2 protein chains.
Amino acid sequence: MAGRNKEKEQDKVRDLRAGLALLWGEQEQPTRGPKPKLTPLRIAEAAAALADAEGLDAVSMSRVAAGFGVSAMALYRYVPGKTELVELMVESVLAEGPDLAGVPAGDWRAAVTEWTRQCARVYAAHPWLLTATAMRRQLLGPCQLRWLDAALAALEPTGLGGAQRHRVFLLLIGLVRNHAQQRNEREEEQEREWDRLTGELLARHAARFPALTRAIAEGAFDPDGTDPLRFGLDRILDGVEALVAAGA
Amino acid sequence: MAGRNKEKEQDKVRDLRAGLALLWGEQEQPTRGPKPKLTPLRIAEAAAALADAEGLDAVSMSRVAAGFGVSAMALYRYVPGKTELVELMVESVLAEGPDLAGVPAGDWRAAVTEWTRQCARVYAAHPWLLTATAMRRQLLGPCQLRWLDAALAALEPTGLGGAQRHRVFLLLIGLVRNHAQQRNEREEEQEREWDRLTGELLARHAARFPALTRAIAEGAFDPDGTDPLRFGLDRILDGVEALVAAGA
DNA sequence: CGCAACTGCTGATGACATAAACAGTTTAGG
DNA sequence: CCTAAACTGTTTATGTCATCAGCAGTTGCG
């Protein structure tokens with residue numbers, strides 16, 4: 001048992017190293033043997049497309065391999081395992097990096113807003129991205145770093161220190177991911193039935209949740225036109241502005 | 001195929017109904033037959049304990065059942081499926097509801113801060129909670145609603161409208177979950193190796209990520225004593241304060 | 001040329017969720 | 001009181017999945 005654990009840890013380190021090499025394309029390609037039919041990138045893109053179409057659960061080694069007309073095990077020649085495949089999927093989808101060229105220089109609010117919008121757009125286009133990046137310690141690929149870099153750059157005109165810029169960045173992806181989660185939830189088909197049942201339940205137990213009942217009475221859950229991402233972003237930016245004004 | 005789909009949708013509606021009934025304990029219990037050895041609640045608690053100890057992946061029907069000395073299939077007499085079990089686990093962990101009794105009435109900043117802290121504490125105590133509640137449309141159980149109710153109540157002194165109180169609430173759980181994710185990442189064992197490899201990689205590609213490099217030079221990633229949850233919360237609360245001041 | 005480094009493939013393994021069918025246990029209702 | 005219905009937990013089976021081992025064919029370096 002103890003030995004098993006040790007072995008596992010060493011494996012993990014190797015996996016880490018291998019995974020990073022894969023993400024950064026830093027592996028010498030072989031010269032011998034037959035020409036490979038695939039590449040890690042093409043596999044990842046196919047897997048991402050599959051996830052776009054049928055959800056992350058539909059992405060199994062067999063399904064992805066079948067898309068190329070090869071057996072499941074063939075993929076293992078390109079990718080160490082499913083974990084790494086998912087990491088590559090994330091990278092492939094983040095490849096279209098943030099483009100903040102159109103933003104007036106020095107206007108950090110505009111820059112951050114644009115960054116956030118673009119990031120949210122990616123999450124919206126690929127609902128599985130949220131789950132794929134949840135929980136697991138992310139290995140940072142070049143594309144992820146480009147996004148991070150762009151956000152930090154956008155924040156530079158604030159004059160905030162490095163640590164604070166980083167913290168604001170964390171706040172921002174948090175916002176985006178949170179927004180994505182809410183979007184994903186809304187997208188599910190059973191929505192109407194869900195609303196009905198929940199509403200019913202709420203009416204039945206109104207007494208137990210007075211504040212909630214009041215909020216509902218004020219229309220808290222009625223869909224209004226306003227963009228929830230906008231709301232959160234404005235709150236956060238106002239908060240940052242206050243921090244900047246305080247002269248940190 | 002079409003028929004299959006239709007069937008599945010109907011099943012989903014039934015599942016929804018059954019799941020809610022389970023969460024709210026609204027099911028007539030039977031009189032015939034042998035006395036049940038278990039209850040959904042006890043199962044959920046055992047499963048949650050298992051997840052606490054070994055992670056969410058360790059929670060399989062067999063493992064949970066083994067903890068009671070019964071066969072895996074026995075659990076299906078109490079819980080429709082694994083999905084519902086996870087929902088019950090979430091509820092069971094959220095049972096120790098928020099307690100805002102010690103907060104001076106009318107001080108919404110203090111109340112919201114306390115709510116956020118307590119919520120974060122639950123997420124910290126049960127790292128799997130984040131994954132368990134990610135993605136999937138949550139069926140709202142009574143405990144989840146209690147948390148929601150408490151947050152909305154804490155926000156009432158702001159004078160904000162129902163819809164805005166709700167939006168602020170969304171911002172707050174977003175913050176908590178975001179914080180939890182970062183905590184979870186930090187908790188992994190391979191941390192040191194991860195830092196080393198990532199740092200190496202970053203040094204090698206510094207030119208590609210100028211803003212990131214600058215931020216790092218300013219110590220953006222050095223651990224300082226400050227609480228990241230606190231930082232985000234203060235930013236958000238400042239933003240809300242600005243909104244309140246604007247007299248919405 | 002010949003072997004080493006590759007390729008992709010088949011088959012096996014073990015974990016998992018869950019369906020189906022069965023055997024024992026209560027208790028409501030005649 | 002007795003029986004059948006409503007339950008209980010169990011064993012067995014199915015299908016899916018990731019992944020390991022071993023094989024047969026392919027290619028280019030020495």
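Every heavy atom of this structure was used, including side-chain atoms; hydrogens, water molecules and symmetry mates were not. Note that the structure is a prediction, hence the values are computed from the model and not measured. Within every chain, numbering begins at 1; the chains are lettered A, B, ... in the order of the sequence lines, protein sequences first and strands thereafter.
- Nearest to the side chain of Met73(B), among dT10(D), dG8(C), dT19(D), sits dT10(D).
- Atom pair Tyr78(B):OH and dT18(C):C1' shows a separation of 18 Å (rounding to whole Å applied).
- Heavy-atom neighbours of Gln29(A) CD from other residues, nucleotides or ligands within 6.0 Å: at or below the threshold of 12.
- Atom CG of Leu85(B) is separated from atom P of dC16(C) by 14 Å (rounded to the nearest Å).
- Salt bridge Arg196(A)/Glu193(A): present, at least one basic N to carboxylate O contact under 4.0 Å.
- Under the 4.5 Å side-chain criterion, counting only non-hydrogen atoms from C-beta, Leu140(A) is not in contact with Leu201(B).
- Each of dT19(D), dC7(D), dG8(C) was ranked by its minimum atom distance to the side chain of Pro30(B); first place goes to dC7(D).
- Toward the 5' end of DNA chain D, the nearer of the two residues Arg77(A) and Thr83(A), judged by each one's closest nucleotide, is Thr83(A).
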Using atom names, set out every protein N or O paired with an N or O of nucleotides 27-30 of chain D below 3.5 Å, distance rounded to 0.1 Å.
none

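- Residues Arg63(B) and Gly69(A) both approach DNA chain C. Their nearest nucleotides, taken by heavy-atom distance, put Gly69(A) toward the 5′ side.
- One can place CG of Leu56(A) at 13 Å from P of dC17(D), the figure rounded to the nearest angstrom.
- For Gln182(A), the side chain to side chain contact (heavy atoms under 4.5 Å, CB included) partners two or more places apart in sequence, or in a different chain, are Asn178(A), Leu170(B).
- You'll find the side chain of Arg183(B) stays beyond 4.5 Å of the side chain of Pro127(B), heavy atoms only.
- Closest to the Ser60(A) side chain, of the nucleotides dA18(D), dT18(C), dT10(C), is dA18(D).
- The minimum heavy-atom distance linking Leu88(A) with Pro40(A) is given by the pair CD1-CB, 3.8 Å.
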